[in-house]
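Worksheet: one structure, shown below.
Positions are given from 1, in the same order as the sequence printed here.
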Amino acid sequence: MNLMEVAKEAMNNSYSPYSNFRVGAALLTKSNKVYKGCNVENASYSPNCCAERTAFVKAISEGEKEFVAIAIYGGKDGKYDFCLPCGVCRQVMSEFCDKDFKIYVSNGKEIKCYTLGELLPNSFKLEK
Ligand code: THU
């Protein structure tokens, strides 16, 4: 199974009539399950949910607790550049993932891999 291909498939359900920026995400759990997510926009704008958070909320609400990697694919008007997660999504990831959690992004030709520690260093976390 190719995680980036699943992210591309997830993008097909993107509801993004306001930005026309379509995003899909595929979240891999330690138990080897994959949860898909897409961005879901709203006429009131602020209730917007990014693809990454959709995938996390789906997984967490199904009882998943441990995550290995996420693949993200997206763009506007059929132009796909490396779609890096927004700051809010990085913070959500930091709630549930370690620093070595892998974040894969692609422009359709090449895949880049980052760790959460690289994309959100010195993050705010409460002791559990
Ligand atoms: N978006 C995502 O879903 N994930 C990202 O990583 C970046 C941005 C969405 C939010 C909004 O629906 C649209 O893309 C344009 O910002």
Side-chain angles (χ1 to χ4, degrees):
M1 183 264 316
N2 179 328
L3 206 59
M4 190 57 73
E5 289 306 313
V6 182
K8 285 182 191 174
E9 194 185 296
M11 189 183 67
N12 292 330
N13 289 331
S14 166
Y15 178 75
S16 42
Y18 304 102
S19 72
N20 292 311
F21 195 97
R22 303 168 66 74
V23 188
L27 175 63
L28 177 65
T29 69
K30 266 193 188 152
S31 57
N32 219 29
K33 282 193 200 152
V34 176
Y35 288 84
K36 292 194 278 185
C38 64
N39 56 333
V40 182
E41 297 184 347
N42 188 280
S44 179
Y45 291 10
S46 59
N48 169 69
C49 191
C50 291
E52 298 90 320
R53 270 177 287 145
T54 303
F56 268 95
V57 169
K58 283 173 69 179
I60 296 288
S61 63
E62 292 299 320
E64 300 293 348
K65 289 188 171 62
E66 295 188 296
F67 302 98
V68 177
I70 192 166
I72 308 159
Y73 192 74
K76 195 173 180 171
D77 305 324
K79 291 184 204 110
Y80 302 108
D81 204 350
F82 300 102
C83 181
L84 284 147
C86 77
V88 174
C89 288
R90 293 178 198 199
Q91 181 64 26
V92 168
M93 289 173 192
S94 86
E95 184 71 26
F96 302 109
C97 305
D98 298 331
K99 283 187 173 64
D100 63 353
F101 177 73
K102 304 258 184 312
I103 299 161
Y104 294 99
V105 292
S106 172
N107 61 357
K109 294 181 187 122
E110 204 191 323
I111 294 177
K112 288 185 184 173
C113 179
Y114 299 91
T115 64
L116 182 57
E118 283 177 297
L119 296 189
L120 191 67
N122 307 312
S123 64
F124 175 72
K125 269 191 178 184
L126 290 180
E127 293 301 325
K128 285 185 204 155

Kindly determine whether Y114 and L84 satisfy side-chain contact (heavy atoms from CB on, under 4.5 Å), including the steps that lead there. CA-CA 10 Å; Y114 299 91; L84 284 147; 3.6 Å; yes
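Cation-pi geometry between K58 and Y35 is not satisfied (NZ or CZ under 6.0 Å from the ring centre, within 45° of the ring normal).
In this structure, the separation between CZ on F67 and CG on L28 is 10.0 Å, given to the nearest 0.5 Å. Here the CD atom belonging to E5 is positioned 8.5 Å from the OG atom belonging to S106, to the nearest 0.5 angstrom.
For the pair A7 and A26, the tightest heavy-atom approach, listed with the atom from each and the gap, is N-CB, 3.7 Å. For C83 against V105, the heavy-atom pair with the smallest separation is O-CG1, 3.1 Å. Heavy atoms only, all atoms of each residue included: P85 and M93 are closest at CB-CE, 3.9 Å.
Within the 3.5 Å criterion, the main-chain N or O of S16 finds no donor-acceptor partner in the side chain of R22.
Aromatic ring centres of F96 and F101: separated by at least 6.0 Å. A centroid separation of less than 6.0 Å is found between the aromatic rings of Y73 and Y80.
Within 6.0 Å of the NZ atom in K125, the count of heavy atoms belonging to other residues, nucleotides or ligands exceeds 12.
No side-chain heavy atom of K99 sits under 4.5 Å from any side-chain heavy atom of T115.
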